[in-house]
Student: 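Handing you a structure now.
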Amino acid sequence: MAGKRIILMGPPGGGKGTQAKRIQERYGIVQLSTGDMLRAAVAAGSPVGKQAKAVMDAGKLVSDEIIISMIAERISQPDCFNGFILDGFPRTVPQAEALDKLLTEKRMDLDKVVEVAVPDERLIERITGRFTCAKCGEGYHDTFKQPKKPGVCDVCGGTEFSRRADDNAETVKARLKAYHVQTSPLLPYYEKKGLLMVIDGDRDMDVVTTDLIKILGA
Ligand code: AMP
């Protein structure tokens, strides 16, 4: 079976990362998160990381040039031949156009673009309370999902947790603005291509996953 090639869209804090991880496991395809790649570059102190850090801390978008070359290199690796789920990319029309060009060169098509929709007023609460296990990356939330045993990760037993530097109320507002101004034009872009599906992301995570799997098929 040919692998699936999916774009997961949606506002920051809407659950894209969580859902993309589940889809990655369900379909055996790789999750390509430009946010994760950038955070790894910042942690490694690479030239890209050094350039991106201040922009990310301000909640703005990193330049198309950096993002497109990062994705072009990543998508060419053998583990992507079997399919991938893009999480947080594309975020601008030039990025979407660059992706189209890349895929055409590789004789690949997109299967689906799914928007996980969540109203703005819910996002600030969702983002500012979230934290992850530093060891395995499992996601938690101060209000919605505490570890079963306080201070211990349910999945791996890790006892260290981290919060993203850009998950604070001020930066979130800038990230939401970037989403509405720069990223939302991609919804009509993919709708015109007949690829777009929208699901309600403001529900229990498991229900959202079930809906996603229904849309993506066997
Ligand atoms: P995310 O983890 O997807 O929320 O991304 C975190 C931050 O990384 C964003 O607020 C941007 O500063 C940057 N970023 C991630 N993906 C992109 C992208 N496709 N284009 C521009 N900036 C991005």
Side-chain angles (χ1 to χ4, degrees), residues 5-21 23-24 30-75 80 84-103 110 113-118 120 122-132 134 137-141 162-187 189-190 201:
R5 289 179 285 270
I6 302 155
I7 296 177
L8 205 54
M9 285 195 53
K16 289 188 305 289
T18 304
Q19 298 298 338
K21 279 197 182 65
I23 295 304
Q24 152 169 280
V30 273
Q31 174 193 11
L32 303 181
S33 157
T34 42
D36 284 350
M37 292 176 204
L38 289 168
R39 279 184 287 279
V42 170
S46 72
V48 164
K50 285 192 177 124
Q51 249 180 294
K53 188 177 182 319
V55 181
M56 293 169 78
D57 285 346
K60 297 195 172 149
L61 294 188
V62 173
S63 77
D64 288 336
E65 200 190 341
I66 290 184
I67 298 287
I68 292 165
S69 71
M70 216 168 66
I71 277 287
E73 195 188 313
R74 185 65 188 87
I75 255 179
C80 292
F84 47 79
I85 177 158
L86 290 164
D87 155 18
F89 174 90
R91 257 178 159 99
T92 64
V93 172
Q95 290 181 18
E97 289 168 348
L99 176 66
D100 282 345
K101 194 161 160 257
L102 249 169
L103 294 177
L110 285 171
V113 177
V114 185
E115 183 202 13
V116 183
V118 179
D120 275 15
R122 301 278 293 125
L123 294 167
I124 297 196
E125 181 189 28
R126 283 170 68 146
I127 296 186
T128 51
R130 67 184 184 180
F131 60 98
T132 51
E138 180 69 3
Y140 295 96
H141 193 281
S162 62
R163 289 177 193 260
R164 275 172 52 170
D166 59 349
D167 277 353
N168 59 76
E170 249 164 63
T171 309
V172 169
K173 284 189 194 135
R175 287 161 66 196
L176 281 177
K177 188 170 166 214
Y179 184 73
H180 290 301
V181 175
Q182 291 168 276
T183 308
S184 65
L186 293 181
L187 300 173
Y189 180 92
Y190 286 117

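These figures come from a predicted structure and were not determined experimentally. For the numbers below, each heavy atom of this structure counts, side chains included, while hydrogens, waters and symmetry mates do not. We count ligands from 1, going down the list as the structure has it; atoms in each ligand are counted the same way.
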Student: Before giving the answer on side chain to side chain contact (heavy atoms under 4.5 Å, CB included), spell out for Gln31 and Leu8 the whole-Å C-alpha distance, their side-chain angles and the decisive distance to 0.1 Å.
Tutor: CA-CA 10 Å; Gln31 174 193 11; Leu8 205 54; over 6 Å; no
Student: Are the side chains of Phe84 and Ile75 in contact, using a 4.5 Å heavy-atom criterion?
Tutor: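 Heavy-atom side-chain distance check passes, below 4.5 Å.
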Student: Which one of Pro94, Ala96, Gly88, Ala178 has a non-hydrogen atom at the shortest distance from atom 19 (N) of ligand 1?
Tutor: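 Nearest heavy atom to atom 19 (N) of ligand 1 lies in Gly88.
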Student: Is it the case that the side chain of Ser69 and the backbone of Ile66 share a donor-acceptor pair, with hydrogens and angles ignored and the cut-off at 3.5 Å?
Tutor: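 Checked: pair present.
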Student: Between Thr34, Val62, Ile67, which one has a non-hydrogen atom sitting closest to atom 16 (N) of ligand 1?
Tutor: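 Ranked by closest heavy atom to atom 16 (N) of ligand 1, first place is Thr34.
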Student: Between ligand 1 and Arg164, can you find any atom pair, the residue atom being a heavy atom, that is separated by under 4.0 Å?
Tutor: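 Flag set, Arg164 near ligand 1.
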Student: Which residue and non-hydrogen atom of the protein lie closest to atom 20 (N) of ligand 1, and at what distance in Å?
Tutor: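 The answer is Gln95 NE2, 2.9 Å.
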Student: Measuring only between side-chain heavy atoms, which start at C-beta, is Leu38 closer than 4.5 Å to Val48?
Tutor: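 Answer yes - side chains close enough.
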Student: Looking at ligand 1, would Lys16 count as a contact under a 4.0 Å heavy-atom criterion?
Tutor: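 It does not; every heavy atom stays at 4.0 Å or beyond.
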Student: Would you confirm whether Lys53, through its side chain, and Val42, through its main-chain N or O, come within 3.5 Å as a donor-acceptor pair?
Tutor: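 Judged by distance alone, no pair lies under 3.5 Å.
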Student: Could you tell me the residue and atom name of the protein heavy atom closest to atom 7 (C) of ligand 1, and the distance to it rounded to 0.1 Å?
Tutor: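 Minimum-distance protein heavy atom for atom 7 (C) of ligand 1 reads Met56 CE, 3.9 Å.
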Student: Below 4.0 angstrom from a heavy atom of Arg39, which ligand 1 atoms are there? Numbered from 1 as shown, please.
Tutor: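 Answer for ligand 1: 2 (O), 6 (C).
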Student: Within ligand 1, which atoms have a heavy atom of Arg175 less than 4.0 Å away?
Tutor: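 Numbered from 1, ligand 1 contributes 4 (O), 10 (O).
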Student: Judged by atom type as modelled, is there a donor-acceptor pair below 3.5 Å linking the side chain of Gln19 to the main-chain atoms of Gly15?
Tutor: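 Absent.
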Student: Starting from atom 13 (C) of ligand 1, what is the nearest protein heavy atom, named by residue and atom, and what distance separates them?
Tutor: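 Nearest protein contact, heavy atoms only, for atom 13 (C) of ligand 1 is Leu38 CD1, 3.5 Å.
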Student: Ion pair present between Arg122 and Glu125, side-chain N to carboxylate O less than 4.0 angstrom?
Tutor: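 A salt bridge links Arg122 with Glu125.
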Student: Inspect the contact between Asp120 and Lys177 and indicate whether a charged nitrogen and a carboxylate oxygen are less than 4.0 angstrom apart.
Tutor: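 Salt bridge flag = no for Asp120 with Lys177.
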Student: Record the part of Lys60 in heavy-atom contact with ligand 1 below 4.0 Å; permitted values are side chain, backbone, both and neither.
Tutor: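 Under 4.0 Å from ligand 1, Lys60 contributes backbone atoms alone.
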Student: Taking atom 1 (P) of ligand 1 as the point of reference, which of Met70, Met37, Gln182, Arg91 owns the nearest heavy atom?
Tutor: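 Answer by nearest heavy atom: Arg91.
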